[in-house]
Asks: 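Input: one structure, supplied below.
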Amino acid sequence: MKRSCRARARIWMVVLASATLVVTGCAGSSQGTTTDASDVTVGVVGDQNDGGEPRSGGTVSFATYNGISSLDPADRQDGGATGGSEMAAIYDLLMRFDTAAGEYVPHLAQSLSANDDNTVWTLKLRDGVTFSDGTPMDSAAVVWSIDHYLQKKGTHALVWKTAVREMNSLDPSTVVFTLAQPWDEFPIMFTTGPGMIVAPSSMATGTFTPVGAGPFTVEKFASQDELVLTARPTYWDGAPYLEKLRFPAIVNEKSKLEGLHTDGIQVAYLKSPDFIHEAFEAGDPGFVYSASMAGVLAINQRDDRAAKDERVRKAIVAAVDPTTFNERVQGGFGEPGTDMFASWSQWHGSVAGNGFDPEAAKKYLAEAKADGYDGKLTYVGMNDPATQRSALTFQSLLQAVGFTVDITYATSINDLISMLYAKHDYDVSYFAFNVLEESPFVRMYGNLFSESPSNILGYKNARMDELLGKLQTASGEDERRAVIDDIQTVVNETAPMAVVNSGKVFIPWRENVHGVTPSADGILLFGNTWLS
């Protein structure tokens, strides 16, 4: 099915009209306005003209959070901050989360429907969709792609294996998923890695080749340097307007913002509150989304670490002052707090998080030292100015209550990931859970379930595992919120990590960029994007 230019423009204008657009007069941008997103948790913000009639041609350069090291969605790259937009451009998404309407909608798929108790889900595919090599994107290909994702242990593989009992291809356009238990948030799985469909032919030679059904194909890929994609004329939704889509690996957010304002790049991914504030002050339009536990001091509590002792963990948690962190690291523009879900979240409950309490921290630490603990911790972080400020702030807070903290700086993001996920060679590290409003279960399960490969904490708690199961099967907001209150209680009692802040991500773009389509977790779709 191909959309006309006029239809595409009309659909995007509906999205813009549905989002919260608040603009106040102030100097700082070419339009003399400031982008006000103070009351926006998710949506398109800023003052932007409609660009007129869409036109073809041009290149959009998007400096995402970090450069990617693989083009396979199964290689831990399926979130907005970790390659999700790049992967979606090549492979597309079966389902998209409509951030304006707050619901899941079919994208590459034609439909996804559930039975009465949300235990059986039927996926219908569009007719005639092909991969970039001309092979059919049918039900057999969907099953193959998901199996590939599971075999390579993609980010959400454990959630999938726990949730899905059977996956069957009924006919070339139908796949039926039978779940082990009711789950009304199951569609979110198709907005991320399992919904990025890789062609079976991608492994024809035994070495992975990026073959997808998305709007772009790979022209150039230099790991951690640059990814360049070329428009695909045979895309199921019509040939993209853009000629090329480029993803340069620019990690420093100051450099991203400077590049955006000089048209060196056209889209930037910003997480640091101070640079987000600067972009708002400049009047940049873009997409905002919010996450709970966007800043967490992760505590490694494996058997060979000091924080195996609960008293050490409680001392660490009580020593962390989110307000001090916000002032020293985030320029006072952050969202500090120790609750797992901040006050703006629909999942904010009646149980508060453990707050800053330096006297309690000293007491817990003294008890642990009396039993032989030497008080030493190793903090691991990235070697750049922003994360160095984080490291030094946490070092100061922990040493103020009696810890001795050594800082180890990783030389690259891949090195840091190896230290946290593979080697577990750290005691504390500033980390992001980034729990999404649309599905709190998925990220909480990944970070807190005892056997999850994404659980860098080494946290094992039978009660937590039970509550995570209840969170998955909870029906309705009130039941889900009650389970989250119980989870907050267990976190308070066992101190697996110190919650430091929730946060906003802002993805600003140039005023001449139009038709960017947001999905869940900050993944952006560029199949309908054009430049005015």
Side-chain angles (χ1 to χ4, degrees), residues 20 35-45 63-66 79-82 84-85 99 251-254 256-257 268-281 284 286-298 320-348 353 355-356 381-382 384-387 389-391 393-394 413 429-440 442-444 446-447 456 484 488 491 497-508 518 520-524:
T20 304
T35 299
D36 183 359
S38 55
D39 295 325
V40 181
T41 56
V42 61
V44 177
V45 298
T64 57
Y65 179 62
N66 189 68
T82 52
S85 295
T99 57
V251 176
N252 184 276
E253 297 207 346
K254 180 177 176 62
K256 290 181 190 179
L257 204 52
Y269 190 104
L270 304 177
K271 289 189 72 174
S272 300
D274 46 351
F275 289 114
I276 290 174
H277 174 76
E278 188 174 332
F280 288 157
E281 286 291 299
D284 295 327
F287 176 67
V288 163
Y289 76 98
S290 302
S292 291
M293 291 173 271
V296 169
L297 186 64
V320 172
D321 181 9
T323 300
T324 297
F325 182 85
N326 179 42
E327 292 169 351
R328 295 184 185 178
V329 179
Q330 300 181 322
F333 300 113
E335 300 178 352
T338 62
D339 294 351
M340 295 181 71
F341 291 89
S343 58
W344 54 258
S345 171
Q346 64 179 318
W347 310 120
H348 181 73
F356 172 54
M382 280 289 292
D384 66 68
T387 52
R389 290 199 303 272
S390 299
T393 298
F394 285 122
I413 188 67
S429 182
Y430 187 55
F431 186 70
F433 283 7
N434 283 337
V435 179
L436 305 176
E437 285 291 282
E438 52 265 33
S439 178
V442 173
R443 287 274 164 78
M444 292 181 73
N447 287 294
I456 67 167
I484 288 173
Q488 178 73 75
V491 167
M497 74 283 185
V499 177
V500 182
N501 55 272
S502 61
K504 285 181 178 177
V505 168
F506 184 41
I507 308 176
D521 197 18
I523 292 176
L524 302 183

Asks: Kindly indicate, with the supporting measurements, whether the criterion side chain to side chain contact (heavy atoms under 4.5 Å, CB included) is fulfilled by M497 and F431.
Replies: CA-CA 10 Å; M497 74 283 185; F431 186 70; over 6 Å; no
Asks: In Å, rounded to the nearest 0.5 Å, how long is the span from CG of D339 to NE2 of H348?
Replies: 5.5 Å
Asks: Pick out which of D521, T99, T41 makes a side chain to side chain contact (heavy atoms under 4.5 Å, CB included) with Y289.
Replies: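 With Y289 as partner, D521, T99, T41 yield a single side chain to side chain contact (heavy atoms under 4.5 Å, CB included), made by D521.
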Asks: For Q330 and R389, run side chain to side chain contact (heavy atoms under 4.5 Å, CB included): C-alpha distance rounded to whole Å, both residues' side-chain angles, the deciding distance at 0.1 Å, then the answer.
Replies: CA-CA 9 Å; Q330 300 181 322; R389 290 199 303 272; over 6 Å; no
Asks: Are any side-chain N or O atoms of K504 and backbone N or O atoms of A37, one a donor and one an acceptor, separated by less than 3.5 Å?
Replies: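 Between the backbone of A37 and the side chain of K504 there is a qualifying donor-acceptor contact (under 3.5 Å).
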Asks: Hey, are the side chains of K271 and N434 touching, using non-hydrogen atoms and a 4.5 Å cut-off?
Replies: yes
Asks: State, yes or no, whether a side-chain contact exists between V320 and V500 at a heavy-atom distance under 4.5 Å.
Replies: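 Yes, side chains in contact.
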Asks: Taking the side chain as every heavy atom from C-beta outward, state whether F280 and P508 have any atom pair closer than 4.5 Å.
Replies: no
Asks: Does the side chain of F275 reach to within under 4.5 Å of the side chain of N252, using non-hydrogen atoms?
Replies: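 No, their side chains stay 4.5 Å or more apart.
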Asks: Could you grab the distance from atom OG of S85 to atom CD1 of I507, nearest 0.5 Å is fine?
Replies: 6.0 Å
Asks: Report the distance from atom OG of S345 to atom CE of M340, rounding to the nearest 0.5 Å.
Replies: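 The OG atom of S345 sits 10.5 Å away from the CE atom of M340.
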Asks: Is a side-chain donor-acceptor pair under 3.5 Å present for E437 with S290?
Replies: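 On atom types as modelled, these side chains do not qualify, holding no pair under 3.5 Å.
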Asks: Is there a side-chain contact between Y65 and T82 in this structure, where contact means two heavy atoms from C-beta onward sitting under 4.5 Å apart?
Replies: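 Of all side-chain heavy-atom pairs linking T82 with Y65, none is under 4.5 Å.
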Asks: Where do Q488 and G353 come nearest, in terms of heavy atoms and distance?
Replies: NE2-CA, 3.5 Å
Asks: Do L257 and D284 come close enough that some side-chain heavy atom pair is under 4.5 Å?
Replies: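 Side chain of L257 against side chain of D284, heavy atoms only: contact under 4.5 Å found.
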Asks: Taking all atoms of both residues into account, what is the closest heavy-atom pair of S272 and E253, and its distance?
Replies: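 Closest heavy-atom pair between S272 and E253: N-OE1, 3.0 Å.
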Asks: Establish, yes or no, whether a centroid distance under 6.0 Å links the rings of F506 and F287.
Replies: no
Asks: Within the distance-only criterion (no hydrogens, no angle test), does the side chain of S502 pair as donor or acceptor with the backbone N or O of S292 below 3.5 angstrom?
Replies: no
Asks: Any cation-pi pair here, K256 with Y269, using under 6.0 Å and within 45°?
Replies: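 No, a cation-pi geometry is absent between K256 and Y269.
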Asks: Please round to the nearest 0.5 Å and tell me the distance separating atom CG of N501 and atom CG of L297.
Replies: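 Reported to 0.5 Å precision, the distance equals 11.0 Å.
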Asks: What residues, two or more places apart in sequence or in another chain, satisfy salt bridge (charged side-chain N to carboxylate O under 4.0 Å, His left out) together with R328?
Replies: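 Residues passing salt bridge (charged side-chain N to carboxylate O under 4.0 Å, His left out) with R328: none at all.
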Asks: Are D274 and H277 packed together at the side-chain level, in the sense that at least one heavy-atom pair is separated by less than 4.5 angstrom?
Replies: no
Asks: Hey, what do you get for CE (M293) to CG (L436), rounding to the nearest 0.5 Å?
Replies: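 Here the interatomic distance stands at 10.5 Å.
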Asks: Excluding sequence neighbours, so at least two apart, what forms side chain to side chain contact (heavy atoms under 4.5 Å, CB included) with P440?
Replies: E185, F341, W347, V435, M444, R480, I484
Asks: Where the side chain of N326 meets the backbone of P322, is there a donor-acceptor pair that is under 3.5 Å apart?
Replies: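 No, N326 side chain to P322 backbone: no donor-acceptor pair under 3.5 Å.
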Asks: Measure the spacing between CD1 of I276 and CD of E278 and express it to the nearest 0.5 Å.
Replies: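 So the gap between those two atoms works out to 11.5 Å.
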Asks: Tell me every residue that passes side chain to side chain contact (heavy atoms under 4.5 Å, CB included) with E327, counting only those two or more places apart in sequence or in another chain.
Replies: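 Counting only residues at least two positions away or on another chain, E327 forms a side chain to side chain contact (heavy atoms under 4.5 Å, CB included) with T323.
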